[in-house]
Amino acid sequence: MDYRQEIKHLRDILNENGYRYYVLDAPTMSDHEYDMLNRRLEELEAQHPEEVTPDSPTQRVGGRILEGFQPYTHEVPLESLQDVFNGEEVAEFCQRMEQALGTGVEYSLEPKVDGLSVALEYRDGVFVSGATRGDGRVGEDVTENLRTIRSIPMTLPEKLPRLIVRGEVYMSRAVFAEINAQRELDGKPLMANPRNAAAGSLRQLDPRICGERRLDIQIFNLQLAEGREFSSHAGTLAYLEEQRFKVIPHKTLTGAAACQEEIARINDQRMEYPFDIDGAVIKVNTLSDRSVLGSTAKSPKWAVAFKYPPEKKPSVVRDIVIQVGRTGVLTPKAVLAPVRLAGTNVTSATLHNQDYITEKDIRIGDTVIVQKAGEIIPEIVEVDFAKRPERTSPYILPEVCPVCGAPVRRDEDGAALRCTGAECPAQLLRNLTHFASRDAMDIEGLGPAVIQQLVESGLVRNPADLYSLRASDVAKLDRMGEKSSENLIRAIENSKANDLGKLIFGLGIRQVGEKAAKVLAGHFKTMDALMAASEEELTEIDDVGGITAQCIVEYLAQPQSRDLIRRLREAGVNMENTAQLVDERFAGMTFVLTGALTRFDRKAAQAMIEERGGKAAGSVSKRTTYVVAGEAAGSKLKKAQELNIPILTEDEFAKMLE
């Protein structure tokens with residue numbers, strides 16, 4: 001077949017399997033087979049860019065970073081629902097419907113997904129745009145991010161002139177837990193709950209980040225369908241299933257009693273859904289009846305949302321224990337007498353930090369009221385002081401880490417206590433992952449999965465142990481054959497020659513990022529000189545403030561830190577600054593990069609500026625010397641124009657580098 005036929009054939013296969021994988025959960029090929037076919041399609045499209053179409057699976061994640069979201073006016077308003085909170089209010093709603101429509105009203109009842117409402121528009125069967133609900137009439141155009149959601153079809157079997165559907169974007173509980181585990185490992189703030197995570201992901205300006213978050217969608221309403229007529233809501237949902245949408249589970253019922261029974265069933269089985277729910281939605285099923293009922297200024301009269309109240313029960317605090325997370329934060333946890341909440345047995349609840357414990361005055365032995373925040377995380381709502389035992393004492397967190405004995409230190413915001421130990425076993429996995437990362441010691445092949453095996457096997461207890469590994473030790477790990485092991489040992493050996501700045505960053509000193517580590521290496525030249533520096537000396541350096549200086553001095557004063565550096569030195573790791581300036585043509589200049597660069601990788605461009613004595617900044621100010629503007633440059637370019645700052649194209653910037 002010629003290339004056009006092959007491209008179409010590949011797209012059909014990949015789109016079909018994508019539908020079966022992400023919507024039906026019944027894939028027809030392995031991940032490897034899918035990846036190989038997708039790679040072949042990418043190659044063909046690169047050779048024949050004129051053949052690239054919006055429905056191609058290769059266009060799911062665009063490379064263009066957005067500068068902002070444009071307003072989107074909804075042709076069919078995305079109305080909000082009136083809330084009801086008990087069986088009596090459900091009965092009143094059904095009674096109003098029967099008074100207006102007669103007896104025997106049919107209802108469609110479905111779980112209410114706790115996510116972010118969006119509208120999707122198709123023209124001639126092709127997805128063309130999508131937007132958030134906003135105020136119901138005007139939302140934000142998030143088309144590029146919606147393309148990354150694999151369960152949203154890019155083309156439909158029936159090519160209606162126009163089709164608009166409404167759905168709820170969510171992050172599944174499983175994905176939420178997985179992402180938070182990785183964020184903890186990386187030392188990043190944890191996401192609060194799946195709903196906030198979904199909303200934040202869908203509003204990322206870089207679609208690639210949104211794609212990495214693996215969002216999903218449940219379609220629950222047909223807003224507009226040119227060329228089609230339907231008599232019932234259930235009929236529209238059946239049609240949308242035929243068009244390969246992932247449609248919300250629903251039932252058609254008659255009468256208030258049946259609705260209340262279904263609401264109770266959904267509540268009992270809410271943890272069986274992959275998504276969070278915060279209620280159930282009752283809708284009149286017959287579409288002509290909806291037209292008769294109409295809407296108020298804010299809500300349709302033919303539907304209500306039953307909101308489940310948070311379940312609260314008493315328990316007793318049997319103990320308070322301290323957990324040390326992978327980022328060193330000490331988290332107090334209440335050990336509770338078992339209590340059943342939202343379908344699961346609860347035996348513990350996080351107490352967050354000392355301020356939380358003090359504010360609620362939680363003590364060991366107290367009777368407390370417990371609920372599940374967002375139906376996921378157990379929390380203590382209040383203390384029943386009338387049942388407090390005699391001779392209890394306020395709980396105070398320890399001053400040293402319960403795992404390694406190193407001093408603990410309050411974070412700058414005053415909320416969390418953090419272990420300062422460089423070799424704390426509780427932080428080992430996170431510290432090693434950071435040490436081996438690309439911007440630190442850049443040890444290729446030493447990812448989280450391999451590190452976890454090295455730790456669990458007892459081969460590595462701190463970063464210095466990496467340099468005593470042998471290929472024969474590594475070869476015993478899962479999926480690490482002889483060649484892979486030799487490559488890893490070679491990468492570890494090569495990392496010894498890294499510049500001092502990469503080592504400083506790899507140590508994971510709080511407040512010291514990649515840029516500050518380079519500045520410190522360039523100023524002090526050797527690790528010994530840095531270790532001897534005082535806070536006053538450190539604060540005299542640009543980009544090093546008082547808090548950063550304090551963190552550096554405290555870290556380097558710890559016996560654990562000094563022992564780690566000694567062992568790294570004995571292993572042959574470079575302790576001197578070897579980075580050399582190409583020249584100083586950019587000395588005293590500050591550059592800001594904006595938009596999508598096509599000739600340069602952003603990090604590489606920043607490095608080239610620094611190698612020539614300049615500074616790469618993230619925001620435009622009066623001190624900015626030049627702004628380098630790539631494609632789709634937005635607010636930063638506008639500000640540079642307002643401040644009359646010279647603007648360079650990529651070609652002009654390249655000439656300055658020559």
Side-chain angles (χ1 to χ4, degrees), residues 186-187 422 431-447 451 462-469 487-533 537-538 540-544 548-549 551-553 555-556 561-562 564-587 589-591 593 600-618 657:
D186 295 339
N431 288 346
L432 286 168
T433 301
H434 175 75
F435 185 84
S437 65
R438 179 176 298 178
D439 294 331
M441 295 302 280
D442 193 16
I443 303 176
E444 188 175 352
L446 190 57
I451 289 172
N462 70 30
D465 289 337
L466 294 170
Y467 295 97
S468 59
L469 285 173
N487 289 339
L488 177 56
I489 297 301
R490 189 178 302 111
I492 293 172
E493 183 67 24
N494 291 341
S495 73
K496 293 180 181 180
N498 282 337
D499 179 64
L500 176 61
K502 294 182 78 68
L503 174 60
I504 294 172
F505 180 57
L507 292 175
I509 304 170
R510 284 191 57 73
Q511 296 291 321
V512 178
E514 181 187 4
K515 185 176 179 182
K518 289 180 182 178
V519 171
L520 291 169
H523 182 86
F524 289 103
K525 308 300 183 187
T526 68
M527 179 64 79
D528 288 338
L530 175 61
M531 294 174 73
E537 290 175 286
L538 288 163
E540 291 175 0
I541 305 170
D542 286 343
D543 300 320
V544 178
T548 302
C551 289
I552 293 169
V553 170
Y555 177 89
L556 294 174
S561 305
R562 290 183 170 269
L564 173 60
I565 292 169
R566 175 189 62 78
R567 291 190 58 203
L568 289 170
R569 190 194 306 271
E570 290 174 354
V573 175
N574 173 54
M575 297 282 164
E576 297 183 359
N577 182 44
T578 57
Q580 299 294 324
L581 289 179
V582 173
D583 53 51
E584 296 188 12
R585 75 183 74 175
F586 294 161
M589 297 183 185
T590 300
F591 290 75
L593 308 174
F600 300 94
D601 174 85
R602 190 172 289 263
K603 273 188 171 292
Q606 291 171 346
M608 287 187 282
I609 291 168
E610 293 167 358
E611 288 167 358
R612 289 157 178 78
K615 179 179 178 180
L657 292 171

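We use all heavy atoms of the structure for the numbers below, so side chains are in, but hydrogens, waters and symmetry mates are not. Starting from 1, each residue takes its place in the sequence as its number.
In this structure Thr548 satisfies the side chain to side chain contact (heavy atoms under 4.5 Å, CB included) test together with Gln511, Val512, Val544, Ile552, sequence neighbours excluded. Checked against side chain to side chain contact (heavy atoms under 4.5 Å, CB included), Val553 has the following partners two or more places apart in sequence or in another chain: Glu535, Leu538. Among residues two or more places apart in sequence or in another chain, the side chain to side chain contact (heavy atoms under 4.5 Å, CB included) test is passed with Asn498 by Met441, Ser495, Lys502. Scanning for side chain to side chain donor-acceptor pair (under 3.5 Å) contacts around Arg562 gives an empty result, with sequence neighbours left out.
Note on residues 437-447: pairs passing salt bridge (charged side-chain N to carboxylate O under 4.0 Å, His left out), not counting sequence neighbours, are Asp439-Lys603.
Closest non-hydrogen pair, His434 versus Gly506, comes out as CD2-O, 3.4 Å. Nearest heavy atom pair, residue Asn574 against residue Leu500, reads ND2-N, 3.8 Å. Taking every heavy atom of both residues into account, Ala517 and Gly501 meet most closely at CB-O, 3.3 Å. The minimum heavy-atom distance linking Ala617 with Thr590 is given by the pair CB-CG2, 3.7 Å.
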Could you give the side-chain donor-acceptor pairs of residues 519-531 under 3.5 Å, partners two or more places apart or in another chain?
{"unit_1": "Lys525", "atom_1": "NZ", "unit_2": "Gly522", "atom_2": "O", "d": "2.7"}
{"unit_1": "Thr526", "atom_1": "OG1", "unit_2": "Ala529", "atom_2": "N", "d": "3.1"}
{"unit_1": "Asp528", "atom_1": "OD1", "unit_2": "Arg569", "atom_2": "NH2", "d": "2.8"}

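Between Tyr467 and Phe435, the two ring planes are perpendicular [angle over 60°; tilted spans 30° to 60°].
Separation of atoms CG (Asn462) and CG (Leu568) is listed at 7.5 Å; rounding is to 0.5 Å.
Proximity of a side-chain donor or acceptor of Arg585 to a complementary backbone N or O of Leu657 within less than 3.5 Å is detected. Looking at Arg612, its side chain never comes within 3.5 Å of a backbone N or O of Ala587 through a donor-acceptor pair.
Counting heavy atoms from C-beta outward, Lys518 and Phe505 have side chains that stay 4.5 Å or more apart.
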